Structure formats: structure tokens, C-alpha cells
Amino acid sequence: MSVFLETADQLLTTVVRGARGCWPRACAWLLRYELEAAIDRYWQRVCPEIGQARAQRPKLVLLNHYAGSEIGQRTSYLWWVLSRAGHHHTYELGITAAELARLRAELTDVIALIDSQEAP
């Protein structure tokens, strides 16, 4: 388990001193970093030239073509929802612990799929 996922789990399951009010967004960012690390591992294995891109959007778009539409769509949705949860929206409620736990479960499924994919 990576440090990102381990810290996100700690934020989800325990009260971290000094994190009151900001822990849901911090947890969302940590989960997104974990997803991006899995995407980078995939591109390093399949096509290192694409993996060298700093922006995540091109990697997500190309994932549809290289790894298949199911993995591409699930990964893109997860990246989008974690990005949105990480930002403060003045007139919207923040993400809840239950929603983060569901996203964490989806994250582990998507990472397992990405890590098992071979080059097309």
C-alpha cells in the first residue's frame, strides 16, 4: 500500500488532529494522486513517450484507446470526481466520508484493472 492510500485511509478512519474541516478534500487529493500514480505506471509500461507528458488529460483520453473504453471511462470519471471533490465549492456541500469510502473502493478496482493491462 502506498503512502497516499495509507494516509487517505487514516483520514477516513480516524480523527487526525488539526485536520478538522479539511480532511475530506485532503483525502480526495490523496486518492487522486494514487490514481495518477497508477496511470503513470501504466504508461511507463505500455508507452513511455505518453507517460512523459505532465498533463493528465491527454493520458486519460489515450487510455480509452490503449486500455479499452471500460477502463478509460471508469478512470476518467474517477479522476474527474476526485478532482471536483478536492476543490471548495461555495454553494455546495462537501463530499462525505461515505462517498469517499465508495470512491476509495472504486479506486482499488480501477487500479487493479490498470495494473493488469498489458500493451495492446
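Computed from a predicted structure; not experimentally measured. Numbers here simply count residues along the sequence, with the first being 1. Side-chain atoms are counted along with the backbone in the values below, which use heavy atoms only and exclude waters and symmetry mates.
- Closest approach of Leu12 to Ala97, counting heavy atoms only: CD2-O, 3.8 Å.
- Under the rule for a side chain to side chain contact (heavy atoms under 4.5 Å, CB included), the partners of Ser2 that lie at least two apart in sequence or sit in another chain are Phe4, Leu5, Glu34.
- Atoms CG and OG, from Leu63 and Ser76 in turn, are 7.0 Å apart once rounded to the nearest 0.5 Å.
- Ser116 meets the side chain to side chain contact (heavy atoms under 4.5 Å, CB included) test with no other residue; sequence neighbours excluded.
- Under the side chain to side chain donor-acceptor pair (under 3.5 Å) criterion, Thr96 pairs with Glu99, not counting sequence neighbours.
- Trp79 is linked by a ring-ring contact (aromatic ring centres under 6.0 Å, His included) to nothing, counting only residues two or more places apart in sequence or in another chain.
- The salt bridge (Lys or Arg N to Asp or Glu O under 4.0 Å) test applied to Glu6 returns no partner, not counting sequence neighbours.
- Residues satisfying the side chain to side chain donor-acceptor pair (under 3.5 Å) criterion with Glu92, sequence neighbours excluded, are Arg84.
- To the nearest 0.5 angstrom, Leu31 atom CG is 8.5 Å from Ile95 atom CD1.
- Applying the salt bridge (charged side-chain N to carboxylate O under 4.0 Å, His left out) rule to pairs touching residues 63-74 yields Glu70-Arg74, Arg74-Glu106, sequence neighbours excluded.
- The shortest side-chain heavy-atom distance between Trp29 and His87 falls under the 4.5 Å cut-off.
- Taken from CG in Leu30 to CG in Leu35, the straight-line distance is 13.0 Å, to the nearest 0.5 Å.
- Nearest approach of Gly86 to Ala28, heavy atoms of both residues: N-CB, 4.0 Å.
- Ile71 and Val61 are members of different hydrophobic clusters when ILVMFWY side chains are connected at heavy-atom separations under 4.5 Å.
- Rounding to the nearest 0.5 angstrom, the gap separating the CD1 atom in Ile114 from the OH atom in Tyr42 is 9.0 Å.
- Under the salt bridge (Lys or Arg N to Asp or Glu O under 4.0 Å) criterion, Asp109 pairs with no residue, sequence neighbours left out.
- For Thr13, the side chain to side chain contact (heavy atoms under 4.5 Å, CB included) test picks out no residue, with sequence neighbours left out.
- Using modelled atom types, one side-chain atom of Thr108 and one backbone atom of Ala105 make a donor-acceptor pair closer than 3.5 Å.
- Within the model, atoms CD1 of Ile39 and CZ of Arg32 stand 9.0 Å from one another, a figure rounded to the nearest 0.5 Å.
- Grouping the Ile, Leu, Val, Met, Phe, Trp and Tyr side chains by contacts below 4.5 angstrom, directly or via other members, places Leu82 with Val3.
- The shortest side-chain heavy-atom distance between Pro24 and Leu100 falls under the 4.5 Å cut-off.
- Here the NZ atom belonging to Lys59 is positioned 7.5 Å from the CD atom belonging to Glu36, to the nearest 0.5 angstrom.
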Problem - Worked verdict on Asp40 versus Gln56 for side-chain contact (heavy atoms from CB on, under 4.5 Å) - result: CA-CA 9 Å; Asp40 287 343; Gln56 289 298 317; 3.9 Å; yes
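- Not counting sequence neighbours, the partners of Asp9 by the side chain to side chain donor-acceptor pair (under 3.5 Å) test are Arg104.
- Checked against ring-ring contact (aromatic ring centres under 6.0 Å, His included), Trp23 has no partners two or more places apart in sequence or in another chain.
- Qualifying salt bridge (Lys or Arg N to Asp or Glu O under 4.0 Å) partners for Arg41, counting only residues two or more places apart in sequence or in other chains: Asp115.
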